[in-house]
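Heads up: the structure comes next, in structure tokens.
Quick note on labels: first sequence line is chain A, next is B, and so on, each numbered from 1.
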Amino acid sequence: MSWQLALSIYGVMLLACLLGGVGIGTSIGLVGILGITLVAGTDLWLSLGDIVWNTTNNFTLVSIPLFVLMGEIILRSGIAGRFYSGVAILLRWLPGGLAQTNIVGCAIFSAIAGSSVATAMTVGSVAIPEMRKRGYADSLTLGTLTGGGSLGILIPPSIPMIVYASMTQVSLLDLFMAGVIPGLTLAGIFMLYVAVRVGFNSELAPRITAQPSNQQLVRAALDSMPVIGLIAAVIGSMYFGIVTPTEAAALGCLFALMLASAYRELTRARLKQALVNAAITSGVVMFITINAQILNFAVVTSGIGQGLAGSMVDMGLSPFMFFVLLLVIYLIVGMFIDGLSIMLLTVPLLYSSFMAMGFDGVWSGVIIVIFIELGALTPPMGLNLFAVQSIASDTSLGKVAWASMPFALIIVAFAFLMYFFPQLALWLPSAMKGA
Amino acid sequence: AQFDWKFYTYFAANDKPTLLHKAFAEDVSKASQDRLNIQVFASGELPYKASDVLRTVARNQVQIGDVAFGFVAGDVPQLNALSMPFSCTSIDKFYDNAAPAMEQDINQVLGDKFKTQSIMQWVMPPQQLWLVKPITGIDDLKNLKVRAWNREQVDIMAALGGAGVTVTPAEVIPALQRGVVDGAFTAAVPALDWKFNEVTKMGYMLNLTLAHQAMVVNQKALSELPEDLKKLLVDKAAEWAPKYRAAMIQADRDARKQLQEKGMTLMDVSPADLEKLRAAAKPIGEAWAAKNGEMASKMLAGAVDACL
Amino acid sequence: MPASKHYRVGRWLDKLGRGALSVSAYMLLLMMVLMCAEIAARLFFKTSIQISEEYSGYLFTWVSMGGFLYAQRADRFLRVDALRNILSVRTRAAIDGLASLAGAILSLILLEATWDTFYSSIVFETTSMQYSETPLYLPQIVMPVGFALLAIAFLHTAIMQTRAALGRGPVPTPLQLDDDYGQALHE
Ligand code: NA
Ligand code: NA
């Protein structure tokens, strides 16, 4: 069978399954199984067992539940709340006040959390009540949370990056390092935007006149210390060769547990909740990852990946046009499917094309992460929108989406910046090797 | 083609062994006038790990596999004589003496339990120790943590007063780079492929073991071939063994040279240290032989004899 | 089968899903302890416990498989809702029934495949190649068990949805844990 025919069959079947409300993981897996069955009957079914075993038993993926656990402990022990109020006092001089705090808070919390939803939820659950009390406009607040939250998968650790590395054999450490500068830059652009917008419309944020007392400042510094310390400890332990990247997640959990006990806020019930949520995440993420590996196997076996890559080259598509095409595809798919699923669905199909177009494997991972950040902000399926709406209970999804739109546009612009300046991503990993 | 076979190797697509396998497969396809077409799949192209290869051949998921006895120790522990430190460290003596001597026993084990057989044995160049900080002799290995990928490497490090540590393959480079471990075992060829020169300073040329490999074929698939194709395949394998031998010796020499050109120091073991090393290694082989039965004892003694 | 039997199966699946999730939670804690023990062994004693990487992998398999049943019962597997949401209640139940059937088919295929993997580890007496030499069928047994339970759960949902579509019962509601476990922070 030609790869074109195979691809058409995959496409039709996938669309039918997804629109029919079949789970995304199930859809991807069934299409993969159909694919290998078309090529070789049931002969290759034996390999499905190897796929399940080698995927769930993959040491790189082991860090996923551990990073989730670390974030959960910080959230449930109240450390995140203290951190937010601390940073809020330290940053109140910035134009936009707490709106800026949201972005800085998200950027810093991103260094603990592996997902954008976790980031948006953690900062949002503290920020929204506080900001409403002080008269900030929801149209500003909600966007800073959904937008800031999207930094969670760009600044390491990042679950989509872990999964990408496991599918492409790209070095996870390189990928993590490659996300740092783009993440910080994007955070900087978000802050600039908030400052400008508040400058034009001062009603969005209350003007703060009272100066914090020295005592308040000391207290604020102390409150923001634990989270900063935790991040420093995790990164430092990796940098000084005490742990490998995967072990860093486990060590982070231990530090988080110690911090939480020091504040005497971590009850057994809360710890159990944190553990249970991390376990559910493992189940949900791994179910779809296993199925994506099945699809991956089918795509290799039926020659679709190579065929698609070859035809992109034959068509004479320039790398830039390819990039624009991808942006459009991810934007559309991102309206209906969550980011991790998009990554797992598209990487098997498109990775060969990225390579054929001459893109770097690490850069490709970062740009896909940026594309799926966009998807988290677009309705009808936008996980960051859902997350923030669930905290700001009396708001409609439309309002959250509208508030998020400027941030989505900034991300689109930023994607182009990444295209023209790939060094934004690639400089740090290469500099790290030189050191 | 009349017969389409899959050949799986756990080496990466551009690694030296994969290139050899591809050249071999192409030669077979050509010589059979495309009646037997063998397609080589490298690591990541099929969902198997190095430790799965023998079982995937046994279950006919692929018809030929590049089996490293060290990695399938969980399936055929008794075939691991060459993983015992210093049991055989000469590539020439392996091909001239050890491989022919072991062939029958290997095929007995592979045939009985796995319904597979080896059509060619070959070896990767010797395992060396790559260190982040230079040392002067084996006494400096005390208290060092070294990434070990099998039990015997852990044991020899323990015997020398250091520690063998497990690190997942994907994290070996960052672990060396940041000093989570002080060194790692591997041959010069993969050390070059993995750019060890960027993260380590010294190659301590222990010649610890040769990694014993076999081209293993599923017996049912083989029996389905007409006699002339069967003969062609077996003959081609025999014809290619010297090519693997020459290519790996050459690759080892080139890799050492390139690593040195990239600024690494390669240090040979002093005769006095070698004595100590062999003494430390002896109990490891003895314990293994005692644990894995008569076949294991016989093969270890045979390998040691053949490579003296 | 009478309706009461279906509900009993549903309650039994819920209970099992919760139980498996609790076990997963503790295994996750164990995984963290194991890795920290390895870090400590290396840092303070210049040695290695040898099983950290290997057993973390096994535990991760168990943790993930342990989460499947609960995720199915609680309707946590992600899907595209856009089209479903505009359908009438009974049509949606019919569609959801088919979707669950698809889940059951996938689970049954993976049950068969993982059973083969597990069984071949028994036949070939395969152990891990690491220091522990653990027989592989031990960690692998969770895969066929997990997919068997998942298949049963999908089939159960398919039956309940079909009954709802035919007007013979209510639309099944997803399992909820008593507290805010539901707010897992992942995607
Ligand atoms: Na992050
Ligand atoms: Na979206």
(Q) Does the structure place the NZ or CZ of B:R178 under 6.0 Å from the centre of the six-membered ring of A:Y239, at an angle of no more than 45° from the ring's axis? (A)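 Relative to the ring axis of A:Y239, which defines the angle, B:R178 lies inside both limits.
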Side chain, backbone, both or neither: which part of [X] has an atom under 4.5 Å from a heavy atom of chain B?
{"X": "A:F297", "result": "side chain"}
{"X": "A:D43", "result": "neither"}
{"X": "A:L46", "result": "both"}
{"X": "A:T60", "result": "side chain"}
{"X": "A:M238", "result": "backbone"}

Q.
Could you check whether B:R55 pairs with B:D52 (Lys NZ or Arg NE/NH1/NH2 to Asp/Glu carboxylate O, under 4.0 Å)?
A.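 Salt bridge flag = yes for B:D52 with B:R55.
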Q. Should the pair B:K220-B:E224 be classified as a salt bridge under the 4.0 Å nitrogen-to-oxygen rule?
A.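 Looking at B:K220 and B:E224, the cut-off is met.
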Q. With chain A, which of B:V181, B:L176, B:L46, B:T168 has the greatest number of heavy-atom pairs at distances under 4.5 Å?
A.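 Looking at each of B:V181, B:L176, B:L46, B:T168 in turn, B:T168 comes out on top.
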Q.
Please identify which of these residues, A:I294, A:D50, A:T289, meets the side-chain contact (heavy atoms from CB on, under 4.5 Å) condition with A:T55.
A.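 Only one option passes, and that is A:T289.
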Q | Between B:F41 and B:F7, ring centroids under 6.0 Å | A |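 For B:F41 and B:F7, the ring centres are not under 6.0 Å apart.
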Q. Taking the six-membered ring for Trp, is the centroid-to-centroid distance between B:W149 and B:F71 below 6.0 Å?
A.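 Close enough - the centres of the two rings lie under 6.0 Å apart.
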Q | Toward chain A, the part of B:K6 with a non-hydrogen atom under 4.5 Å | A |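 Just its side chain gets close to chain A.
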Q | Contact winner vs chain B - A:T301, A:T246, A:I242, heavy-atom pairs under 4.5 Å | A |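 Ranked by contacts with chain B, first place is A:T246.
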